[in-house]
Protein chains: 2
Amino acid sequence: MKTLVIVAHPHLANSTTEAFLKAAAANENNVIWHELKAPFDPSQEQELLKSATRIVFQFPMYWYSAPAILKQWLDEVLDSRITSNQILKGRQLGIVTTLAHSASAFQPGASQQYTIAEILRPYEALAHSLGMKFLPPFPIYQFAQQDEAERQLLFIRYQQYLTVNNFLHFSNRTQWFVERLNDKINEEHDPLQQAKLEQLSMLLTEQQEELDDLHASIGWLRAKEDD
Amino acid sequence: MKTLVIVAHPHLANSTTEAFLKAAAANENNVIWHELKAPFDPSQEQELLKSATRIVFQFPMYWYSAPAILKQWLDEVLDSRITSNQILKGRQLGIVTTLAHSASAFQPGASQQYTIAEILRPYEALAHSLGMKFLPPFPIYQFAQQDEAERQLLFIRYQQYLTVNNFLHFSNRTQWFVERLNDKINEEHDPLQQAKLEQLSMLLTEQQEELDDLHASIGWLRAKEDD
């Protein structure tokens, strides 16, 4: 899988959030980091799109939508060369958006009144229209207020959002950690450290197998109940 | 009431729809027609906003949103001078949007899958955030395919959308016609024509009074049923 991250931010150099996400993405193979700068060469942008199976729009939320530059890019790049051949059909569209309000503000009765799902509906409609699979969005609330532990978790989750096939499934996230550990094991020269990491990797795999078995059993019990 | 029509169209000179709507708006006093052209002077744009009680965003729908220039305008003009003083609180926000698909395409299961209300939610959220009253949107479907009768109706309905206080109420629309007729009567020099127009104006008023009476009676009967 190849992921294209389309970053739309009018003041990119001043954004600590984007710098943080860029560092997380830099660790990943198969991730192309693409910062939008007008003017665009539509043909070149279309080649980039064609190279990716997962396309992620990444932006700070301004007035319940992406900054104007993303819309300009959409209006200019998604022309008939993309739409008439259904080039993007079957590919995935993800959204990473940073928000100045807390998660709880985005609900009826709270300050923002509308849910993230409602606010992002036009992007869902875009995905539908292009025959793309719309991924569950990845909202980042109040990055400036996050402590170190929250940021570490965000760092990992964001990497998973870019690279894990079915990132909402727990077993896929475990698989992701096991792969990372195996990379570390191969790089490690100290045999004792290597052994420790191998133990950890095996433990994770065994736990996941046990979890999978339990899920299978529960599924079987539920199927019986439905008889 | 003063209405500000903010027209966002990247190829305005080629748009027959916008030319049609411009002609309709030109007949109206108290309507300011404002075509967006970058770069913007935020202070000047803010003065325009302050002068209007009804603000209308008018644009062709591109990829389930306005063309980029409207977003650029929002991002640059709605700064803290607007938000911190709640300058727009209590004013109205309307949307006039032209669509390449038919009305029936905008529903679950049809080609566009999402309703106009869903697609325009970010503008509704914007109005909520600014303390503005969001008006029922005014979508114009497939203008190019409309025949002369449909266009005449559109011409009048659009004028009403810009100028009638509560344009969904039938009695307000009648009132609008009566005012127009009275203007015509004052301009008319032929006494016979004048008498005819006066008759028509009286007839409309009488019919509306009768309608209002009937509505009042129905309301009274319903209230009794609820006892």
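For clarity, every value in this text was computed on a predicted model and none was experimentally measured. So that the names make sense, note that chain A is the first sequence line, chain B the second, and so on, each numbered from 1.
Neither the backbone nor the side chain of Leu70(A) comes within less than 4.5 Å of any heavy atom of chain B. Using a 4.5 Å cut-off between heavy atoms, Thr83(A) touches chain B through its side chain atoms alone. Both the backbone and the side chain of Glu124(A) come within less than 4.5 Å of a heavy atom in chain B. When heavy atoms are compared at a cutoff of 4.5 Å, Tyr62(B) approaches chain A by way of both its backbone and its side chain. Contacts of Leu130(B) with chain A are made by side-chain atoms alone, with heavy-atom separations under 4.5 Å and no backbone atom involved.
Minimum interatomic distance between Tyr64(A) and Ser129(B) (heavy atoms only, all atoms of both residues): OH-CB, 3.1 Å.
Proximity of a side-chain donor or acceptor of Lys71(B) to a complementary backbone N or O of Lys71(A) within less than 3.5 Å is not detected.
Side chains of Arg121(B) and Arg121(A) form no contact here, defined as non-hydrogen atoms less than 4.5 Å apart. When side chains are defined from C-beta on, Pro122(B) does not count as touching Tyr114(A), because their heavy atoms never get closer than 4.5 Å. Here the side chains of Asp75(A) and Pro67(B) are in contact, with some heavy-atom distance below 4.5 Å.
With values rounded to the nearest 0.5 angstrom, Leu74(B) atom CG is found 8.5 Å from Trp63(A) atom CH2.
Looking only at heavy-atom pairs under 4.5 Å with chain B, the residue among His128(A), Glu118(A), Gln112(A) that has the most is His128(A).
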